[in-house]
Novice: 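The structure's right below; bear with me while I get my questions together.
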Protein chains: 2
Amino acid sequence: MQGPGEFVSGQVRSVREKVDQLAGTVAAEAQQVSAVRSQVGEYIREQRNAARVSLRELARTAGVSNPYLSQVERGLRKPSAEILAAIARGLKISAESLYEQAGMLDRRAGNPDTVAAIRSDEHLSERHRAVLLELYETYVREHAATGGTAAADAPSTTQDHPAGAPPAPHPSKESA
Amino acid sequence: MQGPGEFVSGQVRSVREKVDQLAGTVAAEAQQVSAVRSQVGEYIREQRNAARVSLRELARTAGVSNPYLSQVERGLRKPSAEILAAIARGLKISAESLYEQAGMLDRRAGNPDTVAAIRSDEHLSERHRAVLLELYETYVREHAATGGTAAADAPSTTQDHPAGAPPAPHPSKESA
DNA sequence: CAGGGGTGCTAGCTCTTGCAAGCGCAGCAG
DNA sequence: CTGCTGCGCTTGCAAGAGCTAGCACCCCTG
């Protein structure tokens with residue numbers, strides 16, 4: 001039979017254990033959140049450096065303030081989807097890629113073979129398939145020639161299309 | 001020859017016209033933003049009603065406050081991606097569907113497998129991925145518009161605007 | 001040297017998001 | 001009737017997003 005003192009100290013110990021446990025969970029989550037911020041920030045800086053663009057220039061083309069972009073890159077702030085989309089536009093990359101880095105969007109498991117996917121894609125005409133495949137091969141070669149470094153993203157290397165590639169109209173869209 | 005009074009009143013009228021024009025633009029944008037808020041809010045309410053779930057119950061399972069959920073449904077607040085993901089979980093629907101309704105994410109045309117293959121292809125830089133996706137989507141739209149005939153290869157131009165990027169936020173004044 | 005241009009960052013501020021506390025209404029049971 | 005539970009909504013607030021004004025540093029030119 002426990003005495004009252006023993007019972008109380010048992011309860012205190014039990015509460016302490018629970019608090020410790022919750023504190024651990026909270027700390028772990030905070031760490032995770034901070035890591036995700038740094039991840040998208042690091043990624044943005046990488047892409048920016050690869051494109052040889054200054055922080056100010058990217059902020060200008062993205063339409064965000066340069067101090068804020070600096071804070072985002074350093075993981076001090078967590079940008080909204082809207083800001084991420086703007087930064088993606090400035091970087092000329094897809095917004096989805098930044099959403100993924102930010103943990104907002106899961107990377108969809110796709111067919112690991114891009115060539116096979118394009119070849120068997122029934123949404124495309126034969127000619128368009130050929131154009132896409134040629135462009136793809138060109139990009140892969142460029143990527144390989146630069147040792148897989150992101151230097152392939154420098155502006156001077158991304159504006160060219162292979163000869164024979166018919167330009168496509170930009171689909172009109174956009175609603176705020 | 002104009003008199004000074006006529007010149008001034010002409011200037012005033014010109015300024016008024018410009019102000020009216022800008023006010024119209026601002027109002028139109030505000031309307032658009034408000035419409036998108038209502039759109040995702042309406043969509044959430046529709047899904048909630050379809051699931052026969054009360055606002056409080058959904059707020060509980062989603063882990064958001066019920067007044068806030070109410071405001072979101074009525075278009076009074078613009079929820080973050082995190083909140084949208086939580087609501088999607090509560091509704092047992094995909095977060096992407098809510099992102100789309102919120103205008104954060106554009107639905108990609110074409111075969112999802114091809115899109116996923118390009119997006120996850122590590123032989124490509126992020127910029128090249130964006131270019132290929134843009135071109136792919138353009139071709140898919142052309143293919144669909146012409147009923148899939150091989151004559152669908154009219155000249156067109158790609159622009160540096162990835163399909164995944166919603167419009168830019170309001171441009172900020174450069175701080176430097 | 002001073003001045004100009006570039007770079008990225010600090011600090012203070014305003015506005016928006018998301019919350020807690022609580023409201024008013026309806027329906028039901030005792 | 002009162003008290004309880006459910007419903008969705010109002011209000012005020014704290015925290016954080018994103019901005020502006022400006023700083024510190026670097027390099028170059030006259």
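Remember, it's a predicted structure, so these values are computed and weren't measured experimentally. So that the names make sense, note that chain A is the first sequence line, chain B the second, and so on, each numbered from 1.
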Novice: Heavy-atom nearest nucleotide on DNA chain C for B:G63 versus A:R45: which residue maps closer to 5'?
Specialist: A:R45

Novice: It should be established whether A:S54 places a side-chain nitrogen or oxygen under 4.0 Å from OP1 or OP2 of nucleotide C:dT7.
Specialist: yes

Novice: Rounded to whole angstroms, how far apart are CD on A:E82 and P on C:dT16?
Specialist: 12 Å

Novice: So, A:Q47 and B:E126: side-chain donor and acceptor under 3.5 Å apart, yes or no?
Specialist: no

Novice: Can you tell if the side chain of B:Y68 reaches within under 4.5 Å of the side chain of B:I83, non-hydrogen atoms only?
Specialist: yes

Novice: Taking the side chain as everything from C-beta on, heavy atoms only, tell me whether A:Y99 gets closer than 4.5 Å to B:M104.
Specialist: yes

Novice: In whole angstroms, how far is the P atom of C:dC23 from the CZ atom of B:R56?
Specialist: 13 Å

Novice: Heavy-atom distance under 4.5 Å between the side chains of A:H143 and B:E122, does that happen here?
Specialist: no

Novice: Counting only heavy atoms not in B:E82, do more than 12 sit closer than 6.0 Å to its CD atom?
Specialist: no

Novice: Taking CZ in A:R129 as the centre, count heavy atoms belonging to other residues, nucleotides or ligands within less than 6.0 Å. Is the count above 12?
Specialist: yes

Novice: Under 4.0 Å between a side-chain N/O of B:R48 and OP1 or OP2 of D:dG8, yes or no?
Specialist: yes

Novice: Within this structure, what is the CG-to-C1' distance between A:L76 and D:dC19, rounded to whole angstrom?
Specialist: 16 Å

Novice: Assign each of B:L55 and B:R77 to its nearest nucleotide of DNA chain D by heavy atoms, then name whichever residue's nucleotide is nearer the 5' end.
Specialist: B:L55

Novice: Any ion pair linking B:R141 and B:E137 (charged N to carboxylate O, less than 4.0 Å)?
Specialist: yes

Novice: Answer yes or no: is there an ion pair linking B:E57 with B:R60, defined by an N-O contact shorter than 4.0 Å?
Specialist: yes

Novice: Looking at every strand, decide which applies to B:S65 at a 4.0 Å heavy-atom threshold: base, sugar-phosphate, or nothing.
Specialist: base

Novice: Could you list by number each residue of residues 66-74 of chain B showing a heavy-atom separation from DNA chain D of less than 4.0 Å, or answer none if no residue does?
Specialist: B:N66, B:P67, B:S70, B:Q71, B:R74

Novice: Under a 4.0 Å heavy-atom cut-off, which of residues 83-91 of chain B touch DNA chain D?
Specialist: none

Novice: I'd like to know if B:R107 and B:E96 make a salt bridge, using a cut-off of under 4.0 Å between side-chain N and carboxylate O.
Specialist: no

